[in-house]
Colleague: 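My structure is below; once you've seen it, I'll send some questions.
Below, chains carry the letters A, B, ... as their sequence lines are ordered, and counting in each starts from 1.
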Protein chains: 2
Amino acid sequence: MGETTQTTRSPLWATTVGSDPAFLLARANALSLAAATASLAPLGLKVRSYSVLALAAADARPTQRELSEFLRLDPSQIVSVLDDLEHRGWVRREPDPRDRRVNVVVATDAGRAACARARSAVEDVQRAHFAVLDDDEAETFTALLRRLAGAGE
Amino acid sequence: MGETTQTTRSPLWATTVGSDPAFLLARANALSLAAATASLAPLGLKVRSYSVLALAAADARPTQRELSEFLRLDPSQIVSVLDDLEHRGWVRREPDPRDRRVNVVVATDAGRAACARARSAVEDVQRAHFAVLDDDEAETFTALLRRLAGAGE
DNA sequence: TATTGTTATACTCTATAACTATA
DNA sequence: TATAGTTATAGAGTATAACAATA
């Protein structure tokens, strides 16, 4: 047993491309992204809308501009994500009384509940994705990844 | 000195999203991808066309189907990448005499030269990207990443 | 004059299906 | 009947510029 799940194993893995860190990073991300997307689909969320919802539900009270910069999305894309989330009653735009140009994004109770369900779903698949590493390895990997991702900037 | 290069440091990094491995993976990949894309642009290449050129130049003699599966691109996307590379004289489609349906992709001498220049350019920026890790850390990271990327499958 | 959020538009990327020629 | 490559097309994602309200 064990051979039943064997995959095709392309000979192209033996090339320099197959061990290029940038290529591996892209591949690992594609797998992670696909798993997260699939787990969120039943909830009517995509990775982007879930990210926005999660930041709102974290009580960070982000402005649209902050969301745009942190998620590296164009401000106009934030608009459409928020339109969708607000239309479902999961998020509200609150005008900032100190600067009436800016909106602060807050999650509703329904939004928090939806976010909790979504988080549970993505954590399940991410755990499965990281199951190829033991706990120590996963911790090491994430610590190095955090620096590579430029966390904090 | 040192403060001149200080970036904005979003407060959103303090949320759970900011330490989510999947988010960090996406961010690290986006940075790597943007750097590679920028370094390849002067050569008229994108990451996808460079990947195909590199696999051809590695003498792996991939079929279009193999390229499609390994790079996780639709067969029709391989067609347009190859049309572009072939039009520039960097790659040739060679019909396989044993099965006349399949084309094997090989790099021309000009293609190998272009590939060497491209490889040098991307390696420079990738080195800079990985410079936040020392050699041991980079090696550890890549080894773990390889498993996470499902290398070999 | 600069900035926040918004709208509109065009471009790229991706996914899908149908077609041909071979097997 | 199935597979490799090709073509065509529609949808999603992305980038850009212009605009109104506010600072």
Colleague: Does the side chain of Leu144(B) come within less than 4.5 Å of Val132(A)'s, by heavy atoms?
Modeller: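 Not touching, per the 4.5 Å side-chain cut-off.
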
Colleague: Under a 4.0 Å heavy-atom cut-off, which of residues 71-84 of chain A touch DNA chain D?
Modeller: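 Those residues whose heavy atoms fall under 4.0 Å from DNA chain D, taken from residues 71-84 of chain A in numerical order, are Asp74(A), Ser76(A), Gln77(A).
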
Colleague: Separation of Asn103(B) atom CG from dT20(C) atom C1', in whole Å?
Modeller: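 Whole-Å distance recorded here is 13 Å.
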
Colleague: Assign Arg65(A) to base, sugar-phosphate, or nothing according to its heavy-atom contacts below 4.0 angstrom with the strands shown.
Modeller: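 If one applies the 4.0 Å heavy-atom cut-off, Arg65(A) turns out to touch a base.
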
Colleague: Compare side-chain N and O positions of Arg93(A) against OP1 and OP2 of dT6(C) and report whether any pair is under 4.0 Å apart.
Modeller: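 Yes, because at least one side-chain N or O of Arg93(A) sits under 4.0 Å from OP1 or OP2 of dT6(C).
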
Colleague: Rounded to whole Å, how long is the line connecting atom CZ of Arg98(A) with atom P of dT3(C)?
Modeller: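 Atom CZ in Arg98(A) sits about 19 Å away from atom P in dT3(C).
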
Colleague: Rounding to a whole Å, what distance do you find between Asp96(A):CG and dT3(C):P?
Modeller: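 My rounded result for the distance is 17 Å.
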
Colleague: With a 4.5 Å heavy-atom cut-off, do Arg112(B) and Asp59(B) have their side chains touching?
Modeller: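 A side-chain contact under 4.5 Å exists here.
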
Colleague: Which nucleotide, dC13(C), dT6(D), dA23(C), lies nearest any side-chain atom of Lys46(B)?
Modeller: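 Of the options given, the side chain of Lys46(B) lies nearest dC13(C).
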
Colleague: If you compare all heavy atoms of Phe141(A) against all heavy atoms of Leu133(A), which two are closest, and at what distance to 0.1 Å?
Modeller: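 The pair with the smallest heavy-atom distance is CB-CD1, 4.2 Å.
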
Colleague: Quick check on the helix from dT1(C)-dA23(D) to dA23(C)-dT1(D): what's the angle between its two end axes, five base pairs per end, to the nearest 10°?
Modeller: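 Rounded to the nearest 10 degrees, the bend comes out at 0°.
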
Colleague: What is the distance, to the nearest angstrom, from the CD atom on Glu86(B) to the C1' atom on dG5(D)?
Modeller: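 So the CD-C1' distance, Glu86(B) to dG5(D), works out to 13 Å.
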
Colleague: Nearest whole Å is fine: how far is dG5(D) P from Leu67(B) CG?
Modeller: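 That distance rounds to 9 Å.
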
Colleague: When the ring centroid of Phe23(B) is compared with that of Tyr50(A), is the distance short of 6.0 Å?
Modeller: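 Not under 6.0 Å, so no.
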
Colleague: Could you tell me whether the side chain of Leu40(B) reaches within less than 4.5 Å of the side chain of Lys46(B), counting heavy atoms only?
Modeller: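 In short, these two side chains do not touch, never coming nearer than 4.5 Å.
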
Colleague: To the side chain of Arg100(A), which of dA2(D), dT6(C), dA23(D) is closest?
Modeller: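 Within the option list, the nearest is dA23(D).
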
Colleague: Can you tell whether the side chains of Arg27(B) and Asp20(B) come within less than 4.0 Å, N to carboxylate O?
Modeller: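 Looking at Asp20(B) together with Arg27(B), the answer is no, because their closest N to O distance does not fall below 4.0 Å.
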
Colleague: Do Arg119(B) and Thr16(A) touch side chain to side chain, with heavy atoms closer than 4.5 Å?
Modeller: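 Answer yes - side chains close enough.
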
Colleague: With heavy-atom distances below 4.5 Å as the criterion, would you say the side chains of Leu71(A) and Gln77(A) are in contact?
Modeller: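 SC-SC contact between Leu71(A) and Gln77(A) ruled out.
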
Colleague: Determine whether a donor-acceptor pair (N or O, by modelled atom type, separation under 3.5 Å) exists between the side chain of Thr37(B) and the backbone of Leu33(B).
Modeller: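 It does hold such a pair.
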
Colleague: Can you measure Arg101(A) atom CZ to dT22(D) atom C1' for me and round it to whole angstrom units?
Modeller: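 Going from Arg101(A) (CZ) to dT22(D) (C1'), I get 6 Å.
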
